[in-house]
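To find a chain, count down the sequence lines: A is the first, B the second, and so on, and within it residues start at 1.
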2 protein chains.
Amino acid sequence: MQSKPTEAELEILQVLWENGPSSVRFVNEQLGERKEVGYTTTLKLMQIMYEKGLVSRNTDARSHIYEAAIERDATQRNLLGTFVDNVFSGSAMNLVMQALGNHKASKDELDQIKALIEKIEKEG
Amino acid sequence: MQSKPTEAELEILQVLWENGPSSVRFVNEQLGERKEVGYTTTLKLMQIMYEKGLVSRNTDARSHIYEAAIERDATQRNLLGTFVDNVFSGSAMNLVMQALGNHKASKDELDQIKALIEKIEKEG
DNA sequence: ATTTTTCTACGAATTTTTTCGTATAAAATT
DNA sequence: AATTTTATACGAAAAAATTCGTAGAAAAAT
């Protein structure tokens, strides 16, 4: 069972998931676009994440290259489960309704969802 | 702008939202069904929540009665927004797909969602 | 009337998460 | 070759969140 990443750790994982294996410097720059954050802060976090097994790293070069060690999908699924419990009393449907209601979805996205629903209905 | 409740605070809000105005004792008992938690811990949390304006309270009787001071819907919407950003890089649709894919929805629920989609499509 | 139980208030200890300073070494620049 | 830049490691401070002990008053039970 893998430990649940904190919010700051999650931001780093996003960068790694979206950009693949990266140096601390790169990750720090990506984060920096949204809010200023010290280099050693990011470094320390990534070292902690390494100890926790959230990332792996290659230390061949002087500048170590970090890589996400947990899958995006699985992590999202885990966190979503916890979130649904915490915020929506376990009702995923309420969450879906809320999400659909709030965010304007494009026709394409709505079609995707409809397709998914049909698929579920057939299987069910 | 209301402050974002922490996880422990959220658990308490759930109890208040679902049961209406309640005493500390009652809230503590409800929480206790899921995991043991000391009475004064719950008390302290609720006092902090009062200071933050997350709950209001009636102190007429010796046993104070607390009530959620923020709306469930609005709170869920706020938290959902943050969550989508943190975990799904801002893509609410990805979240919906994930939620739909994982949790088996009943036919009724699926119908509800379809209805909602149609409504959105018409308005759009 | 005493004792026990049930409250709140308050302060502080603990734990978790985040941030950063300093030391040191390697690499790049001048 | 000397200086400046760029890395990591490490420890610890700071901030945020959680937990709990103790005191004292009110209410309930004996």
Side-chain angles (χ1 to χ4, degrees), chain A residues 1-16 21-67 70 75 79 82-83 86-87, chain B residues 1-16 21-67 75 79 82-83 85-87:
Chain A
M1 190 83 252
Q2 128 223 324
S3 81
K4 178 184 168 188
T6 68
E7 219 164 287
E9 289 171 345
L10 214 42
E11 290 179 23
I12 290 172
L13 283 172
Q14 302 279 12
V15 174
L16 295 178
S22 312
S23 67
V24 174
R25 169 109 357 235
F26 177 79
V27 170
N28 185 245
E29 273 161 11
Q30 296 296 308
L31 297 180
E33 286 178 7
R34 310 206 293 110
K35 61 161 183 183
E36 214 40 60
V37 69
Y39 176 81
T40 49
T41 300
T42 303
L43 170 64
K44 181 63 166 184
L45 270 173
M46 291 174 76
Q47 286 170 340
I48 291 170
M49 291 168 77
Y50 172 69
E51 281 160 19
K52 290 188 188 172
L54 295 175
V55 299
S56 61
R57 69 180 176 184
N58 180 318
T59 58
D60 288 351
R62 185 164 79 109
S63 169
H64 300 175
I65 300 300
Y66 288 77
E67 182 171 5
I70 59 179
T75 305
L79 292 174
T82 307
F83 182 75
N86 284 345
V87 180
Chain B
M1 190 83 248
Q2 128 222 323
S3 83
K4 178 182 167 188
T6 68
E7 219 163 288
E9 289 171 343
L10 215 41
E11 289 179 21
I12 290 172
L13 283 172
Q14 302 278 12
V15 174
L16 295 178
S22 312
S23 67
V24 174
R25 168 105 3 232
F26 177 78
V27 170
N28 185 245
E29 273 162 10
Q30 296 296 307
L31 297 180
E33 287 178 6
R34 308 207 293 111
K35 62 161 181 180
E36 214 40 59
V37 69
Y39 176 81
T40 51
T41 300
T42 303
L43 171 64
K44 180 63 166 186
L45 270 172
M46 292 175 75
Q47 287 170 342
I48 290 171
M49 292 170 77
Y50 172 69
E51 282 160 20
K52 290 189 187 172
L54 295 175
V55 297
S56 62
R57 69 180 177 185
N58 181 318
T59 59
D60 288 351
R62 186 162 82 107
S63 169
H64 300 175
I65 301 300
Y66 288 76
E67 181 171 5
T75 305
L79 293 173
T82 307
F83 183 75
D85 283 349
N86 284 345
V87 181

Query raised in the report: Is there side-chain contact between B/Val55 and B/Glu9, with at least one heavy-atom pair below 4.5 Å?
Result: no
Requested in this report: Taking heavy atoms of chain B and a 4.0 Å limit, find me the 5'-most and 3'-most nucleotide of DNA chain C within that range.
Outcome: C/dT6 to C/dA12
Query raised in the report: Once each nucleotide of nucleotides 18-25 of chain D is scored for protein heavy atoms under 4.0 Å, what B/S/- sequence comes out, 5' to 3'?
Result: SBBBB--B
Query raised in the report: Do A/Val87 and B/Thr75 come close enough that some side-chain heavy atom pair is under 4.5 Å?
Result: no
Query - Atom-pair distance (NZ on A/Lys4; P on D/dA17), nearest Å - result: 13 Å
Query raised in the report: So do A/Leu79 and A/Leu10 actually touch side chain to side chain, heavy atoms under 4.5 Å?
Result: yes
Query raised in the report: When the distance from NE2 of B/His64 to P of D/dA26 is rounded to whole Å, what number comes out?
Result: 12 Å
Query raised in the report: Which of these passes side-chain contact (heavy atoms from CB on, under 4.5 Å) with B/Ile65: B/Pro21, B/Ser22, B/Ser56?
Result: B/Pro21
Query raised in the report: Whole Å only: how far is the CG atom of A/Asn58 from the P atom of D/dT8?
Result: 12 Å
Query - Gap separating the NZ atom of B/Lys35 from the CD atom of B/Glu11, nearest 0.5 angstrom - result: 4.5 Å
Requested in this report: Could you state the atom-to-atom distance from OH of A/Tyr66 to P of D/dA7 in whole Å?
Outcome: 12 Å
**Report entry** Distance in Å, A/Ile70 CD1 paired with A/Lys4 NZ, rounded so as to fall on 0.5 Å steps
**Finding:** 12.0 Å
What pairs of donor and acceptor atoms, side-chain ones from residues 23-32 of chain A against any protein atom, are under 3.5 angstrom apart with sequence neighbours left out?
| residue | atom | partner | partner atom | Å |
| --- | --- | --- | --- | --- |
| A/Ser23 | OG | A/Phe26 | N | 3.1 |
| A/Asn28 | ND2 | A/Val37 | O | 3.3 |
| A/Asn28 | ND2 | A/Gly38 | O | 3.4 |
| A/Asn28 | ND2 | A/Thr42 | OG1 | 2.6 |

Requested in this report: Please say whether more than 12 non-hydrogen atoms of neighbouring residues, nucleotides or ligands are located less than 6.0 Å from OH in A/Tyr50.
Outcome: no
